[in-house]
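This structure is a prediction, so every number in the text was calculated from the model and none was measured.
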Amino acid sequence: MSGNTTRRMISAYFQEASPTAFFSGMFQTRPENFHSSEEIEIDIVRSEEDVSIVIQDLSTGYRMNSDDLYTNKGFKPPIHKEAIPINAFDLIKRMPGRNPFESPDFRGNVVTKMFSGMRKVERKIRRSIELQASQVMQTGVVTLTDSGGNALYTLDFQPKAAHFPTAGTSWASATLAQKIADLTVLCDAIRGNGLMDPDELAVGSTAWENLLQTTGFLDRLDARRADLGMITPMDRRGNGGIYRGTLELGNYKLDVFTYEGRYTDPQTGASTRYLDDGNIVVKASGGRLDATFGAIPNIGAALGVTGRLIPELPSRMSSAERGMDLFTNVWVSPDGEQLFGGVGARPLMIPTAIDTFGCLTTQL
């Protein structure tokens, strides 16, 4: 019974954490990066910074040049398939924000719950893509685990060890000169092997605070006769990264970013940063990184029948600009009392120019 108390229903509040894309946003999505194959292959042609050698006489013949050598690499992308179950009995219940005295819109509730569930799954897949990209940038190895900590997918891109060094002295006690040397050595390795000048730093939160508190660091930036960098007020760039200024190391001028993007660790359930607190990622912004997406095969979609249960739902949601390619599926239980919506994706973040980035572990 309602009694004589009056009530007003206002709009429902939905707490949703938008996925960040600081690392995955570094990976480009070309048209050919969308595919329906089981695996991806790339031919990589490497060259060196050779110089032409003079000849001593015009009558001397030409010096012969050989074609650059290339290697072929193949990768199998991981598979994500998530389902959203909807029970018929739940559809007669009040939806969040709806007037309890209105008759339920059965079909409208189906569509609402399905789209809500698929948005939730999309966010989960986006976080997995960001996790994959963050692992590539910090270790060169992708390891995706389940709630028990079991590795369900592992892919080692086999980067050079010099690009993923550990500081010889923990930054907890290292001097400014040692810290500058650690970063400069990594920059030199990237320049020497990747043939590009590194120009970006992504600094873990603990490493950043440690650097700010290092004796002489702020004095270095405050030099009156040489501009060796600057720290600026926080500038959020929209992808989760926060621009903090510039830092000059030897012949390198680097834009400095911090990043606080997080995900829930499937094993521990703890809120975890994508960028390890004590890590510093160094990269050349011109280095090619590829985000690829494989199709989820579906016979119903091929025959043009999948999705007719909910015509409003597209069978594929693809966007090169947003770096996403999702495939949807809908089916009903034999008794007709349960509806299932499936979302699948096969994303793979490939460090094509693998020598153009690296990561320093500071032991913090």
Side-chain angles (χ1 to χ4, degrees), residues 1-3 5 7-19 36 38 77-129 131 144-150 152-153 263-267 269 293-319 322 324-347:
M1 298 178 63
S2 298
T5 301
R7 296 180 177 90
R8 172 80 174 186
M9 177 72 70
I10 64 174
S11 298
Y13 168 68
F14 298 90
Q15 178 175 297
E16 297 179 350
S18 298
S36 57
E38 185 177 3
I79 304 168
H80 296 272
K81 294 179 73 174
E82 302 268 354
I84 304 104
I86 298 176
N87 294 312
F89 181 72
D90 292 335
L91 298 175
I92 63 174
K93 296 180 179 179
R94 185 177 68 85
M95 297 291 104
R98 295 293 180 86
N99 188 328
F101 296 101
E102 290 181 351
S103 296
D105 179 354
F106 198 83
R107 177 174 175 76
N109 288 349
V110 169
V111 174
T112 298
K113 289 182 70 69
M114 186 60 67
F115 273 92
S116 175
M118 288 192 170
R119 284 195 302 270
K120 178 180 179 180
V121 169
E122 179 193 5
R123 293 193 294 271
K124 291 176 65 176
I125 293 176
R126 283 188 177 278
R127 293 189 190 98
S128 183
I129 292 173
L131 176 60
L144 306 178
T145 64
D146 62 11
S147 58
N150 303 300
L152 302 182
Y153 178 89
Y263 67 99
T264 300
D265 187 285
Q267 183 179 3
F293 298 90
I296 300 292
N298 185 287
I299 295 175
L303 297 178
V305 296
T306 298
R308 291 188 178 181
L309 290 171
I310 305 180
E312 300 92 334
L313 180 68
S315 61
R316 180 181 183 182
M317 294 178 283
S318 181
S319 172
R322 298 179 62 201
M324 178 57 72
D325 196 23
L326 299 175
F327 293 81
T328 66
N329 191 12
V330 180
W331 66 99
V332 178
S333 62
D335 60 10
E337 294 184 358
Q338 196 167 29
L339 178 71
F340 299 90
V343 181
R346 290 198 296 138

Which atom names give the shortest non-hydrogen contact between [X] and [Y], and what distance separates them?
X      : Y      : answer
Ala345 : Ile125 : CB-CG2, 4.1 Å
Arg127 : Pro19  : CG-CB, 4.0 Å
Ser319 : Arg322 : OG-N, 3.1 Å

#### Entry: Verdict with supporting geometry, Met324 and Ile129, side chain to side chain contact (heavy atoms under 4.5 Å, CB included)
CA-CA 9 Å; Met324 178 57 72; Ile129 292 173; 3.8 Å; yes
### Query
About how many Å separate CD of Gln267 and CG of Asn150, when rounded to the nearest 0.5 Å?
8.0 Å
### Task
Hey, could you give me the OG/CG distance between Ser315 and Leu326, rounded to the nearest 0.5 Å?
11.5 Å
### Side chains of Thr328 and Pro314 in contact at under 4.5 Å (non-hydrogen atoms)
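They are not in side-chain contact.
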### Task
Give me the one residue out of Ile296, Val343, Asn298 that meets side-chain contact (heavy atoms from CB on, under 4.5 Å) with Asn329.
Asn298
Counting only pairs under 3.5 Å, give me each side-chain donor-acceptor contact of residues 77-85, with atom names and distances, residues two or more places apart or in other chains.
unit_1 : atom_1 : unit_2 : atom_2 : d
His80  : NE2    : Ser128 : OG     : 3.3
Glu82  : OE1    : Lys124 : NZ     : 3.3

### Message
Among residues at least two apart in sequence or on other chains, which ones pass salt bridge (charged side-chain N to carboxylate O under 4.0 Å, His left out) with Arg126?
### Response
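With sequence neighbours excluded, Arg126 shows a salt bridge (charged side-chain N to carboxylate O under 4.0 Å, His left out) to Glu122, given in chain and number order.
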#### Entry: Test salt bridge (charged side-chain N to carboxylate O under 4.0 Å, His left out) applied to Glu337 - qualifying residues, sequence neighbours left out
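Not a single residue meets the salt bridge (charged side-chain N to carboxylate O under 4.0 Å, His left out) criterion with Glu337.
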## Note on the structure
Residues at least two apart in sequence or cross-chain that pass ring pair (Phe, Tyr, Trp, His ring centres under 6.0 Å) with Phe340, listed by chain then number, are Trp331
#### Entry: Contacts of type ring pair (Phe, Tyr, Trp, His ring centres under 6.0 Å), residue Phe327, not counting sequence neighbours
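So Phe327 forms no ring pair (Phe, Tyr, Trp, His ring centres under 6.0 Å) with any residue.
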### Task
Output all residues satisfying side-chain hydrogen bond (donor to acceptor under 3.5 Å, both in side chains) with Ser333, sequence neighbours left out; order by chain, then residue number.
Asp335
